[in-house]
Amino acid sequence: MFLQFHRQAEEMLREALQGLGHPQVSPSLEMSPHADLASRAAFRLDPKNPAQGAQTLARGIKPGGWMGSAEPRGPYVNLSLAPGFYPEALRAILREGPRFGSLPPAPLVILEHTSANPDGPLHIGHLRNAVLGDTLARVLRRAGHPVEVHYYVNDMGRQMGALVWGLRQGLKPDPQKKPDDAIAEVYIQANRLLEADPGRQAEVRGLLLRYERQDPQLVREFREAVETCLRGIHQTLKRLGAAHDRVVWESHFVLPPELGGQGGKTAEIVSRLSSMPIARQGSDGSLSLDLTGDGIKKEMVLIRSDGTTLYGARDLAYHEWKAQTTPHQVNVLGADHKLHAAQMAAVLRRLHLPVPETLIFEFVNLPEGSMSTRAGTYISADDLLDKVEMEALRQVQQRRTEMDPGFHRRVARAVATGAVRYEMARVSPEKGITFDWKQALDFEKQSAPFLIYSHARACSILHKSGGAPAEFDPAKLTGERERRLIKKLSMLDYWIDASARQYRPHLLAHYAKELAEEFNQFYRDVPVLQAPPGTREARLALVEASRIVLANTLETLGIEPLAEM
RNA sequence: GGGCGUGUGGCCAAGACUGGACUACGGCGACAGCCUUCUAAGCUGUACAUCGGGGGUUCGAAUCCCCCCACGCCCGCCA
C-alpha cells in the first residue's frame, strides 16, 4: 500500500514541477523521520533560496488519493499520509492475508543460482549464492513474476574430468557418507594423485574429449558421478528451503538426443560466431573472440585446440536456449565470474540475444584465507547448519524446559536455517564476508530468531484472545505507536518492489528487522488483551495484521514463521 | 602491472546509484535499568564514529571526481 502512496507522491511532484516550469527536476523523494515522505526537489529549483521553492512547490500539491498534506519545512516539502490511509491499510492486510505485499502480474523470469560444480558438497561460499538466489526468487515471485529457477550443472569441465579419472583409478566413494562428501573425498584424492604425477593430466583431457565425443561408456560414468554428488547437494538445498524447478546439464547442449541432450546447440552458436569479424581462428583449430570493441581486453576462448568446447561456449548455448522461453533472465554469480559475465553480455548483445541481469556477490572467506574444494579447505554448508542447529537446540531446551523434545527439535531446525539464511541475506552482496563461527552462532537481535520471536509474540496474543475479531473500529487506533506500526506494515510492497527491481534482497532483510522492532515496541507500550472493550478489538486486529505481514516477510526471506518458540 | 569490488565507533554493519534536516539506521561487546500485565531469543537508557589518507567539485560531500594506501576477486585453450 505504501508503494501506491509513494507513486502518487512522485506523480504529484512531477506535475507540480512541470507546472513551475522545471520538468527536468527529479521529485527527489526520501524516507524521513519528519514526515511520511519528503522531497528535496526545492534544492534544485533555486539553490539560492530553497525555502522559497519549497513553499511554492508545496502549494502545487493538493490533497487527494493517499496524499494528506504537503507542508514546506525549510528547504523540504514534507508529505503526510491521508488519515484514511491507516484504516484502509489495516483492512487491506486483513483482507489479503498471505497475498498482502504482492505486486500485480509481471513477466516470467528464469533465475539461475548456486550451480556449484558437482565435485563436492556446498560450502559456505555456495551457501551465500543459494541464499541470495532463493531469496531473490521469492522476492521476484512476490513482485508478480512467475519464476523458473535453474541449477546449471557444469558436468563437462576439468573438475569433472579429474573426478571421473579418480574413480577410474579405483577410488571409491564411501557409501556410509553423504554422497557429496564422499565425492569430495575422491576428488581431493584424485587431485593429489595428479599433482604427484602431472604427466597424467593428459589422461584427464582424454576423458573429457571422449565424453564430449559422446563415448557412451564415458557418458554413463560422468552421469553416475555427477548424479551421486547432486543427490547430496540437493539434500542440503532442501534443508535450506531452497528449491530448483529445473536442473540443466551443460552436456545437454552438446550431446545428441539418444544420449540425453538436444545436440549441436553449442556447435551451432559457435559456428555462427566464427563467421563474425570478432572471431579469431587459431592455426591449431582453436577459436576465440576479440571483445576489445566492447571494452574487454581479454579474449574469450570458445574452442580448445583439441576441438573441445569451453564453458563459455556451452553457456552461450544455454542462454540462447533460455531466451526461447523468456527474455528476462537473472544469474546469481560469485565475484570470480565478473569477467565471464561481462564477456557473455557482450557476445549475447552481438548475437541480438537478451542479456541477463546479474546479481554478483563477493566472496565468503575463512579467517585463514579462501576456500577450495580441491584442497579440501572449506566449511561445508551442512557443517554450519549442524552446528547452528545444535546451538539453537541447546538454547530452546534451556528456555522451554516444559516442552517436549519434538517441539525443541522443530524450533531448533527452523531457527537454524532461518539464522543461516538471514545472516547471508542481510549483508549487501558487494561486501566480502570473513566467516566467523562466533558470529554465526550468535542469536541476538538483528538475526532470524529475533524476527521469528516477534511473530510468535503476535501469535501468542491471538491464541490467548481466541483469534482476531470479526468487527473492529479502526478509529480506536490513533496512538503514535499504533500509527507507526500500521505505516510500517503498509511498507511491505514498497520494499518488495525495491528489492525486486534492484536485485538486492538485503533491502527486504533490513525492512524485516525494522518491522520486528516496531512490533516489539508496540508490544511493550500498548496493552492488547487488557485494553477496554472496543479498543481491545481494534488492537487485536492490528496484532493480526502484524502477524500477517511478519509471516509474509519471513516467508519471502525463506524463514519459517513459527507460532511458538 | 591492469581491471572490478570493499574500507563507516573495539567487532559486525545500514546509508553511497537519486549530494541536502547526517546532530550517520542498527546489532555485538561494555556500563546502568525493566519479568505481580499479552513468551526477557524482548524493551529502555549511557559511553564510544567527522565515515581508510590526501586533494578537488559544490551554497552543501560518507555519498561525485582525482591521487595514494590496505584487503578481496579476476586477468586459465578452468568453471
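First the proteins, then the strands, lettered A, B, ... as listed; each starts at 1.
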Using the C1' atom as the reference point in each nucleotide, state the distance between rC73(B) and rC78(B) in Å, no decimals. 16 Å
Given that both distances must come in under 3.5 Å, which nucleotide forms a Watson-Crick or G-U wobble pair with rC17(B)? none
Nearest to the side chain of P47(A), which nucleotide is it out of rC59(B), rC73(B), rA41(B)? rC59(B)
Which nucleotide in the list rC22(B), rA14(B), rA40(B) gets nearest to the side chain of H34(A)? rC22(B)
In whole Å, what separates the C1' atom of rA30(B) from that of rA47(B)? 8 Å
Expressed in angstrom and rounded to an integer, what is the separation of M300(A) atom CE from rA79(B) atom P? 11 Å
Round to a whole Å and report the spacing from NE2 of H337(A) to P of rC78(B). 14 Å
Across all strands shown, which nucleotide pairs with rA24(B) by Watson-Crick or G-U wobble geometry, both distances under 3.5 Å? none
Between S370(A) and rC73(B), is there a side-chain N or O to OP1/OP2 distance below 4.0 Å? yes
Among rU39(B), rU37(B), rA14(B), the one nearest S460(A) by side-chain distance: rU39(B)
Pair R421(A), T135(A): side-chain N/O donor-acceptor within cut-off below 3.5 Å: yes
Measure from the side-chain heavy atoms of E430(A) and tell me the nearest of rA41(B), rA13(B), rG5(B). rG5(B)
Are OP1 or OP2 of rA79(B) and a side-chain N or O of R314(A) less than 4.0 angstrom apart? yes
From the list rA79(B), rC38(B), rG72(B), which nucleotide is the closest neighbour of the side chain of E362(A)? rG72(B)
Is the phosphate of rC78(B) approached by R374(A) (side-chain N or O, under 4.0 Å from OP1 or OP2)? no
Send over the distance from E250(A) CD to rA79(B) P, rounded to a whole Å. 7 Å
Check the chi torsion on rC35(B) and let me know: syn if it falls within 90° of 0, anti if not. syn
For K431(A) and for N117(A), find the nucleotide of RNA chain B with the closest heavy atom, then tell me which residue's nucleotide is more 5'. K431(A)
Atom-to-atom span, CZ of F361(A) to P of rC74(B) - whole angstrom: 12 Å
Reckon R158(A) has a side-chain N or O less than 4.0 Å from the OP1 or OP2 of rA79(B)? no
Take D155(A) and Y211(A), measure what side-chain hydrogen bond (donor to acceptor under 3.5 Å, both in side chains) needs, and give me the verdict at the end. CA-CA 10 Å; D155(A) 64 316; Y211(A) 183 35; 2.6 Å; yes
Rounded to whole Å, the CZ-P distance (F519(A) to rA41(B)) equals 15 Å
Can you say whether a donor on the side chain of N520(A) sits under 3.5 Å from an acceptor on the base of rA41(B), or the other way round? no
Supply the atom-to-atom distance R547(A) CZ to H455(A) NE2, rounded to the nearest 0.5 angstrom. 5.5 Å
Selected nucleotide, minimal atom distance to K298(A) side chain, candidates rC78(B), rA13(B), rC75(B): rC75(B)
Have a look at S286(A) and say if it touches a base, only the backbone sugar-phosphate, or nothing, with a 4.0 Å heavy-atom cut-off. base
Distance in angstrom units between K338(A) NZ and rC75(B) C1', rounded: 13 Å
Look up atom CE in M565(A) and atom SG in C459(A), then write down how far apart they are to the nearest 0.5 Å. 12.0 Å
Could you tell me which nucleotide pairs with rA41(B) by Watson-Crick or G-U wobble geometry, both distances under 3.5 Å, or answer none if nothing does? none
Check every strand shown and say whether E564(A) touches a base, only sugar-phosphate, or nothing at a heavy-atom separation below 4.0 Å. base
Tell me whether H510(A) and rA14(B) count as stacked here, given that the ring centres must be under 5.5 Å apart and the planes must differ by less than 30 degrees. no
Angle class for the F435(A)/W437(A) ring planes (parallel below 30°, perpendicular above 60°, tilted otherwise)? perpendicular
Testing the 3.5 Å rule here: is there a donor-acceptor pair between the side chains of R399(A) and Q395(A)? yes
Determine the interatomic distance between C1' on rA16(B) and the same-named atom on rC65(B); round to the nearest Å. 14 Å
What is the nucleic acid contact for F43(A), judged by heavy atoms within less than 4.0 Å: base, sugar-phosphate only, or nothing? base
Need one value for A335(A): base, sugar-phosphate or nothing, where a base atom within 4.0 Å counts as base even if backbone is also close, heavy atoms only. sugar-phosphate
Is there a side-chain contact between L45(A) and L17(A) in this structure, where contact means two heavy atoms from C-beta onward sitting under 4.5 Å apart? yes
Is E30(A) touching bases, backbone alone, or none of the nucleic acid, heavy atoms closer than 4.0 Å? base
Determine whether any donor atom in the side chain of D436(A) lies under 3.5 Å from an acceptor atom in the base of rC12(B), or the reverse, and answer yes or no. no
Among rC38(B), rC74(B), rU44(B), the one nearest any side-chain atom of L339(A) is rC74(B)
Counting side-chain heavy atoms from CB outward, which of rA41(B), rA79(B), rC38(B) is closest to L529(A)? rC38(B)
Looking at K476(A) and E482(A), is there a salt bridge between them, counting it only when a charged N and a carboxylate O are closer than 4.0 Å? no
Using both distances under 3.5 Å as the test, list the Watson-Crick or G-U wobble partner of rC4(B), or none. rG72(B)
Find the distance E514(A):CD to rG15(B):P and express it as a whole number of Å. 11 Å
Any strand counts, and the cut-off is 3.5 Å on both contacts for Watson-Crick or G-U wobble. Which nucleotide pairs with rA30(B)? rU46(B)
Mind checking if A342(A) touches a base, just sugar-phosphate, or nothing, with heavy atoms under 4.0 Å? nothing
Atom CZ of F522(A) and atom C1' of rC38(B) are separated, to the nearest Å, by 10 Å
Checking all strands, does V411(A) fall into the base, sugar-phosphate, or nothing category for heavy-atom contacts under 4.0 angstrom? base
Closest to the Q502(A) side chain, choosing from rU44(B), rA79(B), rC17(B): rC17(B)
Nearest of rG19(B), rA79(B), rG7(B) to any side-chain atom of R44(A)? rG19(B)
